[in-house]
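A short write-up of the structure that comes next.
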Amino acid sequence: QVQLVESGGGLVQPGGSLRLSCAASGVIFSVDTMGWYRQAPGKQRELVALITSGGITNYADSVKGRFTISRDNAKKTVTLQMNNLKPEDMAVYYCNARMLSFGSKWRDYWGQGTQVTVSS
């Protein structure tokens, strides 16, 4: 069974840093784009950052210059380094990956979500 498992959320003060990690597991033939999304209470899920298998990145304007996405293709992991966190960054963060697995077509997979709380 293919799944994405996230780790690294928690409570941080404004201006602080957190590092989110996500690992794909299962019988996976190939991984395309990986990314992070977030959803705050009462709001729609929004894109935070994407990274292609070739390393091309894309960021939401609100996080540019503060967040960095990276991946390890061999380990099938994606990481989001979040610096200078602001209260408006507080949300549940979800890992996403487009993957090809055994007996399936290319499809999007989602992690279970990890809470990021930014508060003094």
Next item on the list: First locate atom OG1 of Thr68, then atom CE of Met82, and finally report the distance between them rounded to the nearest 0.5 Å.
Entry: 11.0 Å
Margin query: With clusters defined by side-chain heavy atoms of hydrophobic residues (ILVMFWY) lying less than 4.5 Å apart, directly or transitively, does Tyr37 cluster with Met99?
Written below: no
Note to self: Less than 4.5 Å apart, side chain to side chain, heavy atoms only: is that true for Arg38 and Met90?
What the structure shows: no
Checklist line | Within residues 17-71 or reaching into it, pairs that qualify as disulfide bond (SG atoms under 2.5 Å apart) - sequence neighbours excluded | finding: Cys22-Cys95
Next item on the list: Decide if atom CD of Gln44 counts as having more than 12 heavy atoms of other residues, nucleotides or ligands within a radius under 6.0 Å.
Entry: no
Checklist line | Distance-minimising heavy-atom pair for Leu18 and Gly10 | finding: CD1-O, 3.8 Å
Notebook entry, point to check: Can Tyr109 be reached from Leu50 by stepping across I, L, V, M, F, W or Y side chains whose heavy atoms are under 4.5 Å apart?
Noted result: no
Margin query: Could you measure the distance from the CZ atom of Phe67 to the OG1 atom of Thr57? Nearest 0.5 Å is fine.
Written below: 14.0 Å
Notebook entry, point to check: Taking the side chain as C-beta and beyond, is there a heavy-atom pair between Asp89 and Val116 under 4.5 Å?
Noted result: no
Next item on the list: May I ask you to say whether Asp61 pairs ionically with Lys64, meaning some side-chain N is under 4.0 Å from a carboxylate O?
Entry: yes
Margin query: I want to check something: taking the side chain as every heavy atom from C-beta on, are Ser101 and Val27 in contact at a cut-off of under 4.5 Å?
Written below: no
Check: Between the main-chain N or O of Arg19 and the side-chain N or O of Gln81, is there a donor-acceptor pair closer than 3.5 Å?
Finding: no
Item checked: Contact summary for Ala97 and Val31, nearest pair of heavy atoms -> CB-CG1, 4.4 Å
Next item on the list: Kindly indicate whether the side chain of Lys86, heavy atoms from C-beta on, has any atom under 4.5 Å from the side chain of Arg66.
Entry: yes
Item checked: Non-hydrogen atoms of Ile69 and Tyr59 that approach each other most closely -> N-OH, 2.9 Å
Margin query: Working to the nearest 0.5 angstrom, can you tell me the gap between Asp32 CG and Leu100 CG?
Written below: 10.0 Å
Margin query: So which atom in Pro14 and which in Ser119 form the shortest heavy-atom distance, rounded to 0.1 Å?
Written below: CD-C, 3.6 Å
Next item on the list: To the nearest 0.5 Å, tell me how far Asn73 CG sits from Met34 CE.
Entry: 8.5 Å
Note to self: For Gln112, is there any backbone N or O sitting under 3.5 Å from a side-chain donor or acceptor partner on Glu6?
What the structure shows: yes
Check: Do other residues, nucleotides or ligands put more than 12 heavy atoms under 6.0 Å from the CZ atom of Phe102?
Finding: no
Check: How many angstroms lie between OH in Tyr93 and CG in Leu80, if you round to the nearest 0.5 Å?
Finding: 7.5 Å
Check: Who are the salt bridge (Lys or Arg N to Asp or Glu O under 4.0 Å) partners of Asp72, not counting sequence neighbours?
Finding: none
Next item on the list: Find out if a path of hydrophobic residues (ILVMFWY) with successive side-chain heavy-atom gaps under 4.5 Å connects Val92 to Val63.
Entry: no
Item checked: Over all atoms of both residues, closest heavy-atom pair of Arg71 and Ser53 -> NH1-N, 3.2 Å
Notebook entry, point to check: Looking only at heavy atoms, which two atoms of Ser17 and Asn83 are closest? And how far apart?
Noted result: OG-OD1, 2.9 Å
Check: Hey, what do you get for OG1 (Thr114) to OH (Tyr94), rounding to the nearest 0.5 Å?
Finding: 10.0 Å
